[in-house]
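This report concerns only the one structure given below.
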Amino acid sequence: IGRIATGDDARFITNDVTHDPRVHDNASAESLGLVSFTGFRLLSSDGHPIGVFAFFSRKPVTGEILGDLDDLATTASQVIQTGLAEQALRESEARLSSILHGSPVLQFVIDRNHRVISWNRALEEYSGIRAEEIIGTDRQWEAFYPEQRPVLADRLVDADPAAISRYYAGKYRESRYVDGAYEGTDFFPSMGRSGVWLSFTAAPIRDVQGSIIGAVETLEDITERIGAETALRESETRYRHIIERMQDAYFRTDTRGNL
């Protein structure tokens, strides 16, 4: 079997296993009453070895049986490749899930039926809603609104730009970086103690044919930034009003005394 897996011969056939010098243990074969051995190197679709199909028998291998074994070997290769592909897919999905779940960015993913399929740890902590409570449901709105209504990701899954305009008029724009994605900023009065400002981006997830099969939405709490910008504008407004009400002449200089 080792010779088939690594040697020059991709197929090994003998009807004399008890005397064939290529067989490693003739005595064991004789004690078991074996007569024939057939082995096939199993190859992937791109020609790489993925295993060996071995067949021992107490009867000689005829041409007809050899054809059947060849078919079995081909089927075995396909089954192994499918299994390897499924394993690779599972590992890829596990890695992606780990990346999404461990990201510090608030993030969730829904499928084409608006069901939550990912709700990462950062969003768990921020919203107070555990992943196990919401995955498999269409209750993503509960993290943001007091009553049921679609979130931006829902609108992308529905492929309904008009609805995006109705719900987020004046608060959104098309993404400059991701085709088909939208960015928005809005105030959520029911969140936190006195409401929060969130910046959010939703992007469609497509299959190989280009059909939308879900959407991912990321969010950032920008309440402090909005508060700082508001405070700066108010300060500038007060300063301007003070200057405008001054009766005397005034001038301003920089740190070097330049006017």
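Within a 6.0 Å sphere centred on CD of E224, heavy atoms belonging to other residues, nucleotides or ligands number 12 at most. At most 12 non-hydrogen atoms from other residues, nucleotides or ligands lie less than 6.0 angstrom from CD of E174. Around atom CG of D179, no more than 12 heavy atoms belonging to other residues, nucleotides or ligands sit under 6.0 Å away.
For the pair D154 and I110, the tightest heavy-atom approach, listed with the atom from each and the gap, is OD1-CD1, 3.5 Å. Closest heavy-atom contact between P150 and Y168: O-OH, 3.8 Å. Between A203 and V178, the shortest heavy-atom distance links the atoms CB-CG1, 4.1 Å. Counting all heavy atoms, side chain and backbone alike, D158 lies closest to H114 at OD1-NE2, 2.9 Å. The two residues I134 and I129 have their closest heavy-atom pair at CB-CG2, 4.0 Å. Looking at every heavy atom in both residues, S31 comes nearest to S28 through OG-O, 2.7 Å.
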Do any side-chain atoms of residues 189-196 form donor-acceptor pairs under 3.5 angstrom with protein atoms, and if so which ones, sequence neighbours left out?
{"from": "S190", "atom 1": "OG", "to": "F144", "atom 2": "O", "distance (Å)": "3.4"}

For residues 210-221, tabulate all N or O donor-acceptor pairs below 3.5 Å that involve a side-chain atom, not counting sequence neighbours.
{"from": "E217", "atom 1": "OE1", "to": "A153", "atom 2": "N", "distance (Å)": "2.9"}
{"from": "D221", "atom 1": "OD1", "to": "T223", "atom 2": "N", "distance (Å)": "2.9"}
{"from": "D221", "atom 1": "OD1", "to": "T223", "atom 2": "OG1", "distance (Å)": "2.6"}
{"from": "D221", "atom 1": "OD2", "to": "Y126", "atom 2": "OH", "distance (Å)": "2.6"}

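For the pair W119 and S127, the minimum side-chain heavy-atom distance is below 4.5 Å. Here the side chains of I135 and I117 are not in contact, with every heavy-atom distance at 4.5 Å or above. When side chains are defined from C-beta on, Y167 counts as touching R155, because their heavy atoms get closer than 4.5 Å.
Remark: side-chain polar atoms of D111 are paired, donor with acceptor, to backbone N or O of R115 under 3.5 angstrom. Between the side chain of R58 and the backbone N or O of L32 there is at least one donor-acceptor pair closer than 3.5 Å. A donor-acceptor pair under 3.5 Å is absent between the side-chain atoms of N120 and the main chain of F108, judged by distance alone. Judged by distance alone, with hydrogens and angles left aside, the side-chain atoms of S36 form a donor-acceptor pair with the main-chain N or O of K59 at under 3.5 Å. A donor-acceptor pair under 3.5 Å links the side-chain atoms of D207 to the main chain of Q209, judged by distance alone.
Here the CG-CG distance, from L106 to L198, works out to 7.5 Å after rounding to the nearest 0.5 Å. Between the OG1 atom of T38 and the CG atom of N15 there is a distance of 7.0 Å, given to the nearest 0.5 Å.
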Kindly indicate, with the supporting measurements, whether the criterion side chain to side chain contact (heavy atoms under 4.5 Å, CB included) is fulfilled by V151 and Q140.
-> CA-CA 8 Å; V151 299; Q140 52 271 21; 4.0 Å; yes
Derivation and outcome, side chain to side chain contact (heavy atoms under 4.5 Å, CB included), residues E183 and Y172 | CA-CA 5 Å; E183 304 169 351; Y172 80 100; over 6 Å; no
Tell me, with the steps shown, if I164 and L152 meet side chain to side chain contact (heavy atoms under 4.5 Å, CB included).
-> CA-CA 7 Å; I164 296 176; L152 185 56; 4.0 Å; yes
Can you list the steps and then say if I222 with T185 is a side chain to side chain contact (heavy atoms under 4.5 Å, CB included)?
-> CA-CA 9 Å; I222 58 171; T185 301; 3.7 Å; yes
Just do the salt bridge (charged side-chain N to carboxylate O under 4.0 Å, His left out) check on R130 and E125 with the steps written out, would you?
-> CA-CA 8 Å; R130 313 306 298 177; E125 297 297 329; 3.7 Å; yes
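Screening residues 134-152 for salt bridge (Lys or Arg N to Asp or Glu O under 4.0 Å) gives R139-E142 as the qualifying pairs, with residues at least two apart or on separate chains.
Classification of the F188-F200 ring pair by plane angle, with boundaries at 30° and 60°, yields perpendicular.
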